[in-house]
Enquirer: 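Questions regarding the structure given below will be posed in turn.
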Amino acid sequence: MKAAVAGRNTAWRGITQTAVAMTVVIVLVFNLSAYFTPASAGAMLAAPLCGNGSAPDYGFNYDLQQVHWTVNWQGYVSEQTVTEVDAVLDRLNGDDIAQTMILIQSQDQVGNRVNCAVHFLRYMKLGQPTGERKDNGFVFLIVVEPTRIDVHYGVGLGLPALTAPELTTLNRSAEDTYQSTHSMDLALLTLVKGFDKVARSNYAPLISPTPIPGTINLPPLPSGPLGILTICGLMCMGVLFLLFLIWMFAQLARSGISFNPYGGWGSRGSGFPLGGGRGDGSSTRGGGGSGRSGRGN
């Protein structure tokens, strides 16, 4: 009888120890699951701060072609100001002086500020891919703080004439404008218009030489009766071709299609040309080069 009781006690102690061990394991599992929650995993996998990333994307996920040269402007400046900035930077790009973008970031999105500007230039592949003005990309970074802005820049390898003193002066001018007016619109316009003057003072518009057409030597017309017949034949062909054009335009007019020598083909009641294009003047802006850059501030 005593042996049976001792056996039951030993079995009970074994069950109790097993239950305690399982409880400890369950507690550890719950603690580990709480540590590796999706929120914690998301934090560990979050993109690095601007300026702390590495190639090839440097932590950016922007489209390489943007509607405006100013990126992430919503909530900081008006669309009217952004459009005015586009007009200035479109001309700089069209003259092959500088292909320029502006990135606006809050201070909690930026790590190393100078690297942020240079990395964005590289990521957006700014600058001409070939030619005399190769790698003429440029970036302004505007870091928004609670009571001020901090402006930095990144310069492409193809713009060696843009010096640190004149570019730093532009940065300070924009910062001072914001400090005195508390207007991001005025600060941005001050920055861009100042950059336009500095860039044009260092680089003239690049004008591609107009190719000189070569001389075309026409074969001489035969002389005598054969030459007269040849001339008459050419004149008859010209008259027939002219009559064909008149007939074709008449048929198009009957079908409601007209021809504008300045705007191409169109239909009555339509303000858009037939064929491709959106007809609203919109375009995308971005780089197509290597984005090579060597310095920033």
Side-chain angles (χ1 to χ4, degrees), residues 37-54 57-64 66-89 98 100-124 126 137-155 162-199 285-286 293 295-297:
T37 57
S40 300
M44 290 188 294
L45 298 175
L49 295 176
C50 183
N52 295 347
S54 55
D57 61 7
Y58 301 98
F60 296 114
N61 59 3
Y62 294 108
D63 290 336
L64 296 182
Q66 294 285 324
V67 177
H68 302 287
W69 290 115
T70 306
V71 178
N72 198 36
W73 57 272
Q74 296 86 344
Y76 294 108
V77 296
S78 67
E79 188 169 5
Q80 179 181 352
T81 295
V82 169
T83 302
E84 190 173 345
V85 168
D86 283 341
V88 176
L89 299 184
T100 310
M101 275 194 155
I102 301 163
L103 175 64
I104 302 177
Q105 297 278 70
S106 63
Q107 64 176 359
D108 58 351
Q109 296 176 299
V110 183
N112 187 308
R113 299 185 177 187
V114 176
N115 283 350
C116 179
V118 173
H119 288 176
F120 188 65
L121 192 158
R122 294 174 181 171
Y123 172 80
M124 295 302 295
L126 295 175
F138 192 94
V139 160
F140 278 113
L141 168 69
I142 301 178
V143 181
V144 182
E145 300 180 2
T147 60
R148 61 185 293 268
I149 61 173
D150 185 23
V151 184
H152 296 268
Y153 62 80
V155 188
L162 299 183
T163 63
E166 56 191 356
L167 294 176
T168 303
T169 299
L170 292 178
N171 293 354
R172 299 294 89 82
S173 177
E175 293 167 1
D176 293 342
T177 299
Y178 181 82
Q179 200 68 23
S180 61
T181 64
H182 299 288
S183 170
M184 182 69 81
D185 292 75
L186 291 178
L188 182 58
L189 289 173
T190 298
L191 181 66
V192 170
K193 291 179 179 179
F195 178 68
D196 182 64
K197 292 179 181 178
V198 168
R285 297 171 171 90
S293 55
R295 56 194 171 97
N297 186 289

Enquirer: Roughly how far, to the nearest 0.5 Å, is the CG atom of L141 from the CD1 atom of I104?
Expert: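 Between atom CD1 of I104 and atom CG of L141 there are 9.5 Å.
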
Enquirer: Would you mind listing every salt bridge (charged side-chain N to carboxylate O under 4.0 Å, His left out) that reaches into residues 179-191, with sequence neighbours excluded?
Expert: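 Sorted result for residues 179-191: empty, none.
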
Enquirer: Can a donor-acceptor pair be found, under 3.5 Å and without considering hydrogens, that links the side chain of S180 to the backbone of T177?
Expert: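 Indeed, once roles are kept as given, a pair shorter than 3.5 Å links the two residues.
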
Enquirer: Inspect the contact between R113 and E145 and indicate whether a charged nitrogen and a carboxylate oxygen are less than 4.0 angstrom apart.
Expert: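 A salt bridge links E145 with R113.
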
Enquirer: In Å and rounded to the nearest 0.5 Å, what is the CG to CG distance from L121 to L126?
Expert: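 Reported value, rounded in 0.5 Å steps: 5.0 Å.
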
Enquirer: Just by modelled atom types, is the V77 backbone N or O under 3.5 Å from a matching donor or acceptor in the T81 side chain?
Expert: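 No.
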
Enquirer: Just wondering, do L189 and V88 contact through their side chains at under 4.5 Å, heavy atoms?
Expert: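 Side chain of V88 against side chain of L189, heavy atoms only: no contact under 4.5 Å found.
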
Enquirer: CG/L89 to CG/D196 distance, rounded to the nearest 0.5 angstrom?
Expert: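 Answer for the CG-CG pair, L89 versus D196, is 8.0 Å.
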
Enquirer: For G154, is there any backbone N or O sitting under 3.5 Å from a side-chain donor or acceptor partner on N297?
Expert: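 Looks like no, no N/O pair under 3.5 Å.
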
Enquirer: With sequence neighbours excluded, tell me which residues meet salt bridge (charged side-chain N to carboxylate O under 4.0 Å, His left out) with R295.
Expert: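 R295: no salt bridge (charged side-chain N to carboxylate O under 4.0 Å, His left out) contacts found.
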
Enquirer: If we check side chain to side chain contact (heavy atoms under 4.5 Å, CB included) with F60, which of these qualifies: M124, R122, H119?
Expert: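 Exactly one pass, corresponding to H119.
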
Enquirer: Examine distances only and state if a side-chain atom of R285 and a backbone atom of V67 form a donor-acceptor pair shorter than 3.5 Å.
Expert: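 A pair under 3.5 Å: yes.
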
Enquirer: For the backbone of Y62 and the side chain of Y123, can you confirm whether one donor and one acceptor N or O come within less than 3.5 Å of each other?
Expert: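 Pair found, side chain donor or acceptor close to backbone of Y62.
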
Enquirer: For a ring pair (Phe, Tyr, Trp, His ring centres under 6.0 Å) check, start with the C-alpha distance between F195 and F138, then their side-chain angles and the critical distance, and finish with the verdict.
Expert: CA-CA 10 Å; F195 178 68; F138 192 94; 4.5 Å; yes

Enquirer: Can you tell me how far OG of S106 sits from CD1 of I149, rounded to the nearest 0.5 angstrom?
Expert: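 The OG atom of S106 is 13.5 Å from CD1 of I149, to the nearest 0.5 Å.
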
Enquirer: Is the shortest side-chain heavy-atom distance between V144 and Q107 below 4.5 Å?
Expert: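 SC-SC contact between V144 and Q107 ruled out.
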
Enquirer: For V151, is there any backbone N or O sitting under 3.5 Å from a side-chain donor or acceptor partner on E175?
Expert: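 Present.
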
Enquirer: How far apart are the C-alpha atoms of V71 and F120, what are their side-chain angles, what is the distance that settles it, and do they pass the side chain to side chain contact (heavy atoms under 4.5 Å, CB included) test?
Expert: CA-CA 11 Å; V71 178; F120 188 65; 3.9 Å; yes

Enquirer: Just so I know, are the side chains of M101 and T70 near enough to count as touching, which here means a heavy-atom distance under 4.5 Å?
Expert: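 Not in contact.
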
Enquirer: Hey, are the side chains of L188 and I142 touching, using non-hydrogen atoms and a 4.5 Å cut-off?
Expert: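 With C-beta onward as the side chain, the pair touches.
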
Enquirer: Check A117 against V139 and note the closest heavy-atom contact, atom names and distance.
Expert: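 So the minimum-distance heavy-atom pair works out to O-CG1, 3.6 Å.
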
Enquirer: Is any side-chain heavy atom of Y178 closer than 4.5 Å to one of L186?
Expert: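 The answer is no; the side chains never approach within 4.5 Å.
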
Enquirer: L103 versus Q105: any side-chain heavy-atom pair under 4.5 Å?
Expert: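 Counting from C-beta outward, L103 and Q105 do come under 4.5 Å.
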
Enquirer: Does the side chain of Y153 come within less than 4.5 Å of N171's, by heavy atoms?
Expert: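 Side chain of N171 against side chain of Y153, heavy atoms only: contact under 4.5 Å found.
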
Enquirer: Any non-hydrogen side-chain atom of L170 less than 4.5 Å from a side-chain atom of F140?
Expert: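 Yes. Closest side-chain heavy atoms under 4.5 Å.
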
Enquirer: Looking only at atom types and distance, does a side-chain atom of D63 sit under 3.5 Å from a main-chain N or O of Q66, one as donor and one as acceptor?
Expert: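 Judged by distance alone, no pair lies under 3.5 Å.
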
Enquirer: Do T163 and E166 pair up side chain to side chain, a donor and an acceptor below 3.5 Å, judged on atom types alone?
Expert: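 A donor-acceptor contact under 3.5 Å links the two side chains.
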
Enquirer: What closest approach, in Å, do G296 and V114 show between heavy atoms, and which atom pair accounts for it?
Expert: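 Of all heavy-atom pairs spanning G296 and V114, the closest is C-CG1, 3.6 Å.
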
Enquirer: Quick one: salt bridge (charged side-chain N to carboxylate O under 4.0 Å, His left out) pairs with a partner in residues 73-85, sequence neighbours left out?
Expert: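 Counting only pairs at least two positions apart or across chains, the salt bridge (charged side-chain N to carboxylate O under 4.0 Å, His left out) contacts touching residues 73-85 are E84-K193.
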
